[in-house]
Number of protein chains: 2
Amino acid sequence: MNFNTMTTTTAVKKQGKIRAKSEQIIIKAAQEEFILQGYKGASVQSIADRAQLPKANVLYYFKNKENIYHAVLEQTLNMWDQGIGDILLEDGPKKAIEKIIAAKVKMSFENPNASKIYAMEIIQGAQHLKEFARTYLRQWVREKAKIFQIWIDNGEMANVNPVNLIFLIWSSTQHYADFETQILTIMNRAEYEEEDIEQVTQFLTDMILRGCKLKP
Amino acid sequence: MNFNTMTTTTAVKKQGKIRAKSEQIIIKAAQEEFILQGYKGASVQSIADRAQLPKANVLYYFKNKENIYHAVLEQTLNMWDQGIGDILLEDGPKKAIEKIIAAKVKMSFENPNASKIYAMEIIQGAQHLKEFARTYLRQWVREKAKIFQIWIDNGEMANVNPVNLIFLIWSSTQHYADFETQILTIMNRAEYEEEDIEQVTQFLTDMILRGCKLKP
DNA sequence: CATCTAATTGACCAAATAGTCAATTATTTT
DNA sequence: AAAATAATTGACTATTTGGTCAATTAGATG
């Protein structure tokens with residue numbers, strides 16, 4: 001995917017040897033700071049500290065804070081794009097739902113920070129992602145809804161609203177990333193474990209398949 | 001509910017005639033600013049502007065920014081506490097699930113801002129709500145999970161993990177508040193309408209009841 | 001080796017902002 | 001109506017912070 005609204009600055013950059021590595025370190029540090037402190041609350045100094053670089057060096061790689069944030073978002077969206085399972089007509093509803101739930105749960109557990117950045121951006125009004133949502137995302141949802149509708153018309157699954165179904169899969173999977181803190185606190189645990197992925201995938205798959213009147 | 005960790009400052013305040021009204025105006029303005037800009041990003045000045053009051057006046061009612069934020073959170077939690085439907089043993093699983101989904105969808109559509117503030121707080125690590133989650137929330141989930149377990153043991157519903165079920169109801173309903181922007185953009189709409197509440201409630205109730213092997 | 005580009009970094013500055021204060025006005029109480 | 005309390009507000013300050021700059025070092029390239 002090419003988020004060309006964001007790559008205007010990064011595209012023209014000079015390419016040294018250290019750049020790629022430094023940028024990656026900075027982006028990761030920035031992602032964590034932006035989650036903990038919000039956009040305004042994350043100071044360039046704090047990002048630099050976390051990246052163990054002088055502030056001036058951070059600003060040498062990214063001209064300003066806004067650019068750092070863009071880079072973080074860009075990477076988040078690319079991760080989202082790769083990680084989201086696809087819905088294919090030839091899979092049929094059962095396999096498609098299983099695939100997409102498994103992919104999204106995996107993403108939520110293995111990369112909660114990407115999900116958190118995305119969620120905060122949307123909650124705050126999607127200032128930087130309006131265009132992405134209006135074009136790419138809307139298109140994606142419509143395409144996939146259309147496929148569900150075909151299955152419904154063929155009597156392969158119950159007559160549930162496809163868009164609501166997509167939102168349901170979306171929200172229920174992402175919840176384990178965004179509300180990580182709350183879930184861990186409620187379950188009195190320090191962190192997720194490997195088997196949680198399997199357990200949650202199983203639960204959501206069963207529930208939603210039954211919801212669509214598909215035998216698990 | 002008494003969030004006595006937060007009321008330490010407000011409890012001792014002097015009570016004039018104008019105070020109650022001014023505080024309410026400020027809290028509402030602050031809620032909106034905090035959502036749009038985050039805690040650090042929302043300046044006292046911007047809150048004052050939105051409340052149409054001089055900054056010094058805002059700081060007369062709330063000693064500092066932190067206190068404003070506390071007041072916003074306090075009100076959010078109280079709203080949450082009132083709005084969340086209760087799960088009662090005597091209702092049985094079907095009625096209980098119907099009740100709680102209806103209540104939470106209603107809350108999400110009618111007061112998305114409360115949900116957004118709460119979500120942001122949790123995503124950012126629940127700095128101000130750790131205690132609330134550790135005590136009240138954990139207790140609430142455990143109590144309700146226990147009731148679901150009784151129904152399961154009685155064969156009144158399918159053997160689904162009660163805690164996961166609670167998370168599912170939680171996430172799928174709240175999604176319509178937190179991701180309002182995204183959902184509206186995808187559906188190419190300017191705002192929610194009255195009938196959306198009914199439609200979403202119906203969809204989620206049907207899906208989740210079927211997921212629990214309960215006939216809608 | 002000489003030249004050019006990339007990378008590093010301390011010092012500095014202008015703008016934004018949380019919070020204080022004192023002076024004044026409005027309202028309530030006695 | 002006098003005294004006391006509540007509310008209002010402009011002006012001021014100390015601190016934080018995004019961003020610039022110039023000086024220096026490291027590395028590549030011819």
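Letters A, B, ... mirror the listed sequences (proteins, then strands); counts begin at 1.
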Within the 4.0 Å limit for protein heavy atoms, which parts of nucleotides 8-19 of chain C are touched? Write it as a string from 5' to 3', B for base, S for sugar-phosphate only, - for none. BBB------SBB
Using the six-membered ring of A:Y39, assess whether NZ or CZ of A:K65 lies under 6.0 Å from its centre and within 45 degrees of the ring axis. yes
Here's one to test your reading of the geometry: is the NZ or CZ of A:K55 within 45 degrees of the ring axis of A:Y60 and under 6.0 Å from its centre? no
Which whole-number value in Å describes the distance from [X] [atom1] to [N] [atom2]?
X	N	atom1	atom2	result
B:E23	D:dA6	CD	P	13 Å
B:I25	D:dA7	CD1	C1'	14 Å
A:F62	D:dG18	CZ	P	15 Å

Sorted by first residue and then second, give each salt bridge (charged side-chain N to carboxylate O under 4.0 Å, His left out) pair with at least one member in residues 141-150 of chain A; sequence neighbours left out. A:D86-A:K144
Kindly write out the residues that satisfy side chain to side chain contact (heavy atoms under 4.5 Å, CB included) with B:Q149, not counting sequence neighbours, or none if the list is empty. B:I152, B:D153, B:P162
Could you check whether the rings of A:Y118 and A:W80 sit parallel, tilted or perpendicular, using 30° and 60° as the cut-offs? parallel
